[in-house]
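Working notes for the structure below.
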Amino acid sequence: MALNIALVGCGGMGLRHLHGFIEHSKKFDTLNLVAVCDVNDQAARHVADVAEEQLGKRPAIHTDFDAMLASESLDAIDIVTDTRMHHVFGEAAFAAGVHVMTEKPIAITMKAARRMREAATASGMTLSVAENYRRDPLCRLAKALLDEGVIGVPRMVMEVSLGGGDTLMHNTAWRALKSRGGGMLIDAGVHTSDLLLYYLGDVSRVYAETGLFETTRYRRAMPPNLAAFYGHRTDDVQAESEAVKVDAVDTGFGVVRFESGAICNLTISEAVQAHSLRIGTIHGSKGTMTMPGPRSGTRGAEITLNGQDGVLSGDDLLALAPSDFRLDDITAEFFGGPGPIASYKMTFEQADRTLLAIEYEEFARAVESGEPPEVDATVGMKALALSYALLESGEVGAPVSLDDVMEGRVAEYQRSIDADNGV
Ligand SMILES: NC(=O)c1ccc[n+]([C@@H]2O[C@H](COP(=O)([O-])OP(=O)(O)OC[C@H]3O[C@@H](n4cnc5c(N)ncnc54)[C@H](O)[C@@H]3O)[C@@H](O)[C@H]2O)c1
């Protein structure tokens with residue numbers, strides 16, 4: 001029986017989820033989109049229009065989440081609102097006996113995330129965090145190569161992402177507000193954290209210096225591909241102004257110690273002017289891996305090995321993977337079979353909706369089986385804790401342990417966010 005699901009949040013990513021849903025429905029009949037919900041009626045209608053056109057059935061439209069939960073017969077919700085609402089809707093859904101898939105980050109703070117985890121556990125419902133990057137087949141291959149020890153024992157990692165200038169990302173002001181989205185270190189940083197933890201295992205300690213350099217950000221024309229996702233929505237923060245006052249930390253220079261002993265330079269800034277820099281390398285005892293670019297299809301891992309000339313990339317990497325390495329059967333459905341691949345031909349939009357379709361099917365199967373999904377509450381919380389560890393360390397001017405951030409023993413930076421959100 002297909003699960004009746006509602007899409008909650010019909011902004012840019014909500015529309016992308018719908019495209020993922022449409023992609024999913026071409027292969028599987030495990031989910032039935034019965035409703036969409038957004039406080040912005042226009043955004044909800046736009047997504048319902050696309051759903052009707054592509055799925056042949058119009059979902060009900062709601063602008064009030066509680067009313068939707070009370071009136072629709074739902075098995076599951078998919079939360080794609082801005083981050084501060086994830087735990088609010090998650091807790092309400094669990095109390096009503098409804099399963100939850102939520103966009104990353106799992107919640108706005110660690111305390112909100114712990115509440116979400118407790119509510120899921122108490123209800124026995126499934127909670128899946130829609131972390132898409134790791135699901136890319138090129139990331140799966142990179143992980144298999146690392147686990148196989150192709151570059152030996154990982155010792156050092158350079159993870160640097162600098163750019164942004166003074167532009168408001170996706171013209172969504174909430175992202176750059178401390179109490180609504182947490183700024184780049186949380187909103188985009190949590191993807192980076194998830195990948196680092198996925199590739200390298202748990203983190204023990206973080207030391208960071210952080211700063212807020214751009215306190216005014218500007219709405220600017222988006223490239224056409226992004227405008228196609230975000231053009232139907234209107235911003236709800238300082239919407240009348242091109243210039244938006246923002247308050248989330250925009251820069252973090254961190255040093256991360258993994259439990260394995262590996263050391264990582266984790267540096268993120270969205271306040272770098274007129275230049276952008278991206279470095280993602282893992283340096284092991286036998287060689288170096290450049291980490292792949294999720295949803296690119298072409299920027300797979302690259303490996304250089306001690307004593308060997310040249311860079312190994314593309315299909316050369318397949319020979320280094322363990323002989324029994326296969327893509328899981330859901331991924332195989334969308335990427336031409338279980339054989340691992342080192343590249344694929346898809347536009348960003350195709351790759352994006354394909355990874356979302358994989359998430360949907362994994363969620364449906366987790367609900368069906370009662371088994372935890374790959375990115376469950378704890379996995380989602382670890383990624384958020386690593387991102388918050390930078391902010392907490394920057395706040396207190398001292399190293400912080402990941403466990404202390406996970407369990408709320410260190411939460412100075414998050415205190416005002418919890419207070420603002422009534423957590
Ligand atoms: N995994 C990814 O690659 C990825 C990419 C972009 C965004 N995201 C995540 O998706 C989420 C949404 O981001 P976005 O870019 O779509 O932002 P957005 O602002 O475009 O969309 C958010 C939508 O939520 C709606 N909303 C807010 N409060 C609501 C409420 N109380 N009830 C109903 N609807 C409400 C807003 O009206 C808006 O339409 C965020 O958590 C973000 O971090 C993930």
Side-chain angles (χ1 to χ4, degrees), residues 1-36 38 43-44 46-59 75-80 99-104 126 128-140 191 224-232 292-298 327-341 343-368 373-375:
M1 267 275 282
L3 300 172
N4 284 342
I5 190 166
L7 176 62
V8 185
C10 299
M13 196 59 186
L15 182 58
R16 286 160 66 181
H17 272 233
L18 175 66
H19 286 296
F21 191 94
I22 293 163
E23 203 61 29
H24 172 269
S25 72
K26 293 176 188 167
K27 303 266 185 195
F28 300 104
D29 58 4
T30 47
L31 296 170
N32 179 25
L33 183 66
V34 293
V36 298
D38 200 299
H46 179 80
V47 167
D49 288 347
V50 179
E52 183 174 16
E53 189 186 306
Q54 303 275 328
L55 296 168
K57 191 171 142 254
R58 189 170 184 77
D75 300 306
I77 59 168
D78 174 22
I79 306 173
V80 200
H99 302 279
V100 173
M101 177 163 120
T102 182
E103 253 307 331
K104 45 53 62 178
T126 297
S128 175
V129 181
E131 179 50 68
N132 42 351
Y133 286 25
R134 60 161 68 200
R135 295 175 202 269
D136 190 303
L138 306 193
C139 297
R140 300 299 198 195
H191 285 302
N225 63 336
L226 271 178
F229 289 134
Y230 284 85
H232 69 287
R295 298 174 292 188
S296 68
T298 51
L327 295 172
D328 65 87
D329 62 336
I330 304 175
T331 308
E333 231 1 273
F334 290 97
F335 282 94
I341 51 175
S343 65
Y344 56 85
K345 277 192 188 144
M346 285 188 191
T347 61
F348 172 85
E349 290 77 8
Q350 282 174 311
D352 190 52
R353 61 179 179 255
T354 302
L355 298 187
L356 294 169
I358 292 168
E359 274 172 14
Y360 273 124
E361 183 56 15
E362 198 235 357
F363 173 62
R365 290 189 192 187
V367 168
E368 179 65 31
E374 176 174 339
V375 186

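No hydrogens, no waters, no symmetry mates; every other heavy atom, side chains included, goes into these values.
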Any chance you could measure [X], atom [atom1], to [Y], atom [atom2], to the nearest 0.5 Å?
{"X": "F334", "Y": "L327", "atom1": "CZ", "atom2": "CG", "value": "13.0 Å"}
{"X": "H24", "Y": "D29", "atom1": "NE2", "atom2": "CG", "value": "8.5 Å"}
{"X": "F21", "Y": "L15", "atom1": "CZ", "atom2": "CG", "value": "14.0 Å"}

Got a sec, which residues hit ring-ring contact (aromatic ring centres under 6.0 Å, His included) with [X], two or more places apart in sequence or on another chain?
{"X": "H99", "result": "none"}
{"X": "Y230", "result": "H170"}
{"X": "F363", "result": "none"}
{"X": "H232", "result": "H46"}

Name all residues meeting the side-chain hydrogen bond (donor to acceptor under 3.5 Å, both in side chains) criterion together with [X]; count only those two or more places apart in sequence or in a different chain, and write none if there are none.
{"X": "Q54", "result": "none"}
{"X": "D78", "result": "H17, Y360"}
{"X": "Y133", "result": "R295"}
{"X": "T102", "result": "H86"}

Decide yes or no for [X] and [Y]: does some side-chain heavy atom of the first lie under 4.5 Å from some side-chain heavy atom of the second?
{"X": "L33", "Y": "L55", "answer": "yes"}
{"X": "R353", "Y": "I22", "answer": "no"}
{"X": "R134", "Y": "R140", "answer": "yes"}
{"X": "P294", "Y": "N132", "answer": "no"}
{"X": "I358", "Y": "F335", "answer": "yes"}

(request) Applying side chain to side chain contact (heavy atoms under 4.5 Å, CB included), run through E103 and M13 and close with a yes or a no. (result) CA-CA 9 Å; E103 253 307 331; M13 196 59 186; 3.3 Å; yes
Going by the rule salt bridge (charged side-chain N to carboxylate O under 4.0 Å, His left out), which residues pair with [X] if we only count those two or more places apart in sequence or in a different chain?
{"X": "E361", "value": "R365"}
{"X": "K26", "value": "E23"}
{"X": "R135", "value": "E359, E362"}
{"X": "D49", "value": "R58"}

(request) Could you please spell out the steps behind the side chain to side chain contact (heavy atoms under 4.5 Å, CB included) verdict for V80 and R16? (result) CA-CA 10 Å; V80 200; R16 286 160 66 181; over 6 Å; no
(request) Please test N225 against E349 for side chain to side chain contact (heavy atoms under 4.5 Å, CB included), starting from the C-alpha separation and ending with a verdict. (result) CA-CA 8 Å; N225 63 336; E349 290 77 8; 3.0 Å; yes
If you compare all heavy atoms of [X] against all heavy atoms of [Y], which two are closest, and at what distance to 0.1 Å?
{"X": "Y344", "Y": "D136", "answer": "OH-OD2, 2.5 Å"}
{"X": "T30", "Y": "A364", "answer": "OG1-CB, 3.7 Å"}
{"X": "L138", "Y": "I341", "answer": "CD2-O, 3.7 Å"}
{"X": "A366", "Y": "T126", "answer": "O-OG1, 3.8 Å"}
{"X": "G20", "Y": "A357", "answer": "O-CB, 3.4 Å"}
{"X": "N32", "Y": "N4", "answer": "ND2-OD1, 2.9 Å"}

(message) Taking CD in E368 as the centre, count heavy atoms belonging to other residues, nucleotides or ligands within less than 6.0 Å. Is the count above 12?
(response) no
(message) Under a 3.5 Å distance rule, please check whether D38 uses its side chain to pair with a backbone N or O of C10 as donor and acceptor.
(response)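 Present.
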